[in-house]
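Everything below concerns the one structure shown next.
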Amino acid sequence: MSSRLHIYNTLTKQIEEFQPAEPPFVGMYLCGPTVYGDPHLGHSRGAVMMDVLFRYLQHLDYKVRYVRNITDVGHLLNDADEGEDKIGKIAKANKLEPMEVAQQYTNAYHHALQKMNVLPPSIEPRASGHILEQIEMIQEIISNGFAYESNGSVYFDVLQYAESNNYGKLSGRKLEDLIAGAGEERRTLEGQEEKKNLNDFALWKKATPEHIMKWNSPWSEGFPGWHIECSAMSGKYLGKQFDIHAGGMDLLFPHHESEIAQSTACNHTTPAKYWMHNNMITINGQKMAKSLNNGVLIEELFAGNHHLLEQAYSPMTLRFFLLQAHYRSTLDFSNEALQGSEKGCERLLNASAKTETLPIANISDINVHEWADKLYAQMNDDLATPQVIATLFEAAKWINEIAAKKMKITSEDRTKLHATFHTFIFDILGLVSEDQGNNDALDGVMNLMLDIRKTAKENKDWTTADKIRDGLKAAGVEVMDGKEGSTYKLS
RNA sequence: GGUCGGAUGGCCGAGUGGCUAGGCUCAGCUCUGCAAAAGCUGCUACACCGGUUCGAAUCCGGUUCCGACCUCCA
């Protein structure tokens, strides 16, 4: 528990106090998606985690530049698709421009995140728009003696680098193990024979004839290697050294390890001070993966049209579900768990709507300041959002008790409770009430229906009252009777 | 095979050497014409076997099981 933000740094394997290099400025980078498919649940986790960090840092008055890239070039497929650009492959099948495909999936990613109330980053660079920067970086690495050209491609010389640097310092791998592990299970990537060593990775790949997305370079017409784009773009917009670099745990090796190697070989410095990694989403205990046929697209979750889903789940349900687990733990996905989040999220938001109208008294049965301090301490403890949510539920309980006049609160405490509750739920956790209705015509119709039903109830005409209620339910509108009249929501 | 992580109540998930997170489900209750919604109350778990300790789910050792990475991946 601390009054200052602490985050877990994968580089040091411990929780450290967050100290930006040049306060109040903070530079943070998240490895965004490769846009060769619709966004799946996994994409949402890193985006939401960084969104909460982004929001919290801003709440703490930092001036944050948040860079989240779009990878629209260069990822190689293996197996049957050897050497072919993923985006290029799909484009040919659909007879679309490669950039059209990339744009389509980029849009899909944006839409999904927008629904989840994820703030747009400060800068969202595309790899295809930074070919020049990548080429320049490769040239610098070559001239520093850490890369070599081979048959039109350029490879990073891991062994050369390891002589003076620690290749493996992020992932905890030892080069001997990597070499030793290159045994029977290792698959053969295209162009392996061009490398001096199997652990060398591509900085630039010469394009095969069927390759669509390719650019001129000093070495060949080709495309950049997978890792170099993030190094080039983070360097361009955040500087050679910046504060936070994040991504999924599956990117730890080789992607981030290689990023560190490249940047160090180029700039003689480790690019980021803090490395953060979110864990995977699992389903029945296994990582979601296309190859396991258990991947769920974000839009499928929202629409409920996936064979593993019993119903549709709202964007806020997903956001709340993600936040209920710590970002460094795996999160197991199931209908039961999602339904739990749906109800819980609703309960919390219901309570939040009552804070301003709570009856006041001249004493308080609760210690609002202690409660607020606890929230900050929990956020500061490596973004312990599950605990923050638990603490918010404490207040939700108070709010309900106060509303039922079983507890008391002073006016001053109520103001503080309201402000803090809202700050955490809406500004920091980024939840938002999913207002149904907000359609004037529907509101008008519903108010009329509810008014007719009210009259019927007053006349004890239960037949009419129930007919309206049941009929509306069949039409997808749920009527909820309360002490102060009836309300409705779309179901 | 190598490296690393995890096993918590019906479900999801926090966490700490002693003061039994939280949500959901379930049960009871309040409210209600009935129901739903909403609210309240209840439900004492930490894989197994040893050890350290006054005390361990939390520390140490071992066992079993699961997962991640090593190859594109959020």
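Naming: A, B, ... by sequence-line order, numbering from 1 per chain.
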Exercise for the section: For B:rC69 and B:rA74, measure between their P atoms and round to the nearest Å. Expected result: 12 Å
Practice task
Classify the nucleic acid contact of A:G247 as base, sugar-phosphate or nothing, counting any heavy atom under 4.0 Å across all strands shown.
Solution key: sugar-phosphate
Practice task
For A:D481, answer base if it contacts any base atom (sugar-phosphate contacts may also be present), sugar-phosphate if it contacts only those atoms, and nothing otherwise; contact means non-hydrogen atoms under 4.0 Å.
Solution key: base
Practice task
Remember a base hit wins even if backbone is also touched, and classify A:A404 as base, sugar-phosphate or nothing at under 4.0 Å, heavy atoms.
Solution key: nothing
Practice task
Would you verify whether the NZ or CZ of A:R173 falls within 45 degrees of the ring axis of A:F253 while also being under 6.0 Å from that six-membered ring's centre?
Solution key: yes
Practice task
Give one of base, sugar-phosphate or nothing for A:M280, where a contact means two heavy atoms less than 4.0 Å apart.
Solution key: base
Completion exercise
What one should report as the nearest heavy-atom pair of A:P39 and A:Y109 is CG-CA, 3.7 Å
Practice task
Please name the pair of heavy atoms, one in A:C345 and one in A:M316, separated by the smallest distance, quoted to 0.1 Å.
Solution key: SG-O, 4.2 Å
Practice task
Describe the nucleic acid contact of A:L251 in one word from base, sugar-phosphate, nothing, applying a heavy-atom distance below 4.0 Å.
Solution key: sugar-phosphate
Practice task
With A:R68 as the cation and A:Y29 as the aromatic partner, state whether NZ or CZ is under 6.0 Å from the six-membered ring centre and within 45° of the axis.
Solution key: no
Practice task
Pick base, sugar-phosphate or nothing for A:K406, based on heavy-atom distances below 4.0 Å to the nucleic acid.
Solution key: sugar-phosphate
Handout entry: Interatomic distance where CG belongs to A:L338 and P belongs to B:rG23 [whole Å]
Key = 18 Å
Fill in the blank from the handout: B:rG55 -> Watson-Crick or G-U wobble partner, both distances under 3.5 Å, gives none
Completion exercise
Whichever of A:Q339 and A:W398 has the more 5' nearest nucleotide on RNA chain B, that residue is A:Q339
Handout entry: Nearest-angstrom distance, C1' atom, B:rC48 to B:rA56
Key = 16 Å
Practice task
Remember a base hit wins even if backbone is also touched, and classify A:K174 as base, sugar-phosphate or nothing at under 4.0 Å, heavy atoms.
Solution key: nothing
Completion exercise
The answer to which of A:A390 and A:R469 contacts RNA chain B further toward the 5' end, by nearest nucleotide, is A:A390
Practice task
Starting at atom NZ of A:K343, determine the distance to atom C1' of B:rC24, rounded to an integer number of angstrom.
Solution key: 7 Å
Problem - Ring centres under 6.0 angstrom apart (A:H256, A:H277) - result: yes
Handout entry: Interatomic distance where CD belongs to A:E310 and P belongs to B:rC11 [whole Å]
Key = 15 Å
Exercise for the section: Describe the nucleic acid contact of A:E342 in one word from base, sugar-phosphate, nothing, applying a heavy-atom distance below 4.0 Å. Expected result: nothing
Practice task
For A:G344, answer base if it contacts any base atom (sugar-phosphate contacts may also be present), sugar-phosphate if it contacts only those atoms, and nothing otherwise; contact means non-hydrogen atoms under 4.0 Å.
Solution key: sugar-phosphate
